[in-house]
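Each remark here refers to the structure printed beneath this line.
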Amino acid sequence: MNIFRLCGDMSHLAAIIILLLKMWKTRSVAGISGKSQILFATVFTARYLDLFTSFISIYNTCMKVFFIGTVYFTIYLIYMKFKATYDSNHDSFRVEFLIVPVGGLAFLVNHEFAPLEIIWTFSIYLESVAILPQLFMISKTGEAETITSHYLFALGSYRALYLCNWIYRYYAEGFFDLIAVVAGVVQTILYCDFFYLYITKVMKGKKISLPA
Amino acid sequence: DNNNNNKDEL
């Protein structure tokens, strides 16, 4: 563990807590993409299959349980509890256009042609594009609530911090995982446009409204 | 090889 990875995990934790607070306080899921949350649930489920078979640390296990628990709770809030406030018309991204190519790529490009490794690779590739339905929804509605912007900023920062973690681990431990790094770079790049809007707008107390 | 065999990251 290093400071970059710890900050990344805390940023990820903060994003999930911000999202839950937004939903619970406003009792609304307006502006939140249920499809992205379903993709995140798929990512966590695929990645944490070893939750019960391999023990890394208390921290690792607790975070995995928390991430899996909260993402399914979020889906419950979107599609059941606060269903009336879910904006399905604007949450129209065709996720099959993500899952099929990502699934195929995981079969073709992986470290080892073994079931758990391919499923892990699938979760890495899927995570890099899982935010697309959410960003697509914001571009369709033309705006994002400020708290949703904070959620996205924390979520985007988490993988950017992981990139720093991989740079550190390369020089400190000689550790390098090309698949995770490439997917992490793609994932972070997808947020760049949003980061720009966040820093130029939200930091000045304005709301994000597109086209900027 | 240097891949992420020990999967210690979240």
Side-chain angles (χ1 to χ4, degrees), chain A residues 1-2 4-6 8-13 16 43-44 46-51 53-57 59-68 109-112 114 116-117 119-121 123-124 127 158-159 161-163 165-166 168-170 173-184, chain B:
Chain A
M1 176 59 81
N2 59 68
F4 302 108
R5 182 145 67 103
L6 186 62
D9 290 341
M10 291 305 109
S11 184
H12 197 181
L13 195 66
I16 290 172
V43 167
F44 291 145
R47 191 167 312 168
Y48 301 155
L49 288 177
D50 63 351
L51 180 60
T53 55
S54 78
F55 176 78
I56 307 274
S57 67
Y59 169 82
N60 190 275
T61 302
C62 291
M63 294 293 273
K64 286 177 175 177
V65 169
F66 183 83
F67 285 165
I68 286 186
V109 181
N110 50 60
H111 289 313
E112 182 196 354
L116 269 183
E117 187 67 27
I119 293 170
W120 175 84
T121 308
S123 84
I124 290 287
E127 184 184 5
Y158 131 71
R159 214 60 180 173
L161 286 163
Y162 256 71
L163 293 178
N165 152 63
W166 288 319
Y168 173 83
R169 290 190 75 180
Y170 179 70
E173 309 161 21
F175 171 91
F176 183 66
D177 181 344
L178 185 62
I179 285 178
V181 169
V182 172
Chain B
D1 61 315
N2 267 332
N3 81 52
N4 187 357
N5 251 332
N6 57 352
K7 300 277 186 293
D8 65 334
E9 294 183 341
L10 288 175

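Note: hydrogens, waters and symmetry copies are ignored here, and every other heavy atom, side chains too, is used. Below, read A as the first sequence line, B as the second, and so on, with proteins coming before strands; counting in each chain starts at 1.
No part of A:Phe44 comes within reach of chain B, as not one of its non-hydrogen atoms sits under 4.5 angstrom from that chain.
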- Task: Using the side-chain contact (heavy atoms from CB on, under 4.5 Å) rule, take A:Arg47 and B:Glu9 through it: C-alpha gap first, then chi angles, then the decisive distance, then the call.
- Result: CA-CA 10 Å; A:Arg47 191 167 312 168; B:Glu9 294 183 341; over 6 Å; no
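Contact record, A:Asn60 with B:Asp8: ND2-O, 3.3 Å, taken as the closest heavy-atom pair. Taking both residues in full, the closest heavy atoms of A:Arg159 and B:Leu10 are given as NH1-O, 4.3 Å, listed atom of the first, atom of the second, then distance.
Within a 6.0 Å radius of CG in A:Leu6, other residues, nucleotides and ligands contribute more than 12 heavy atoms.
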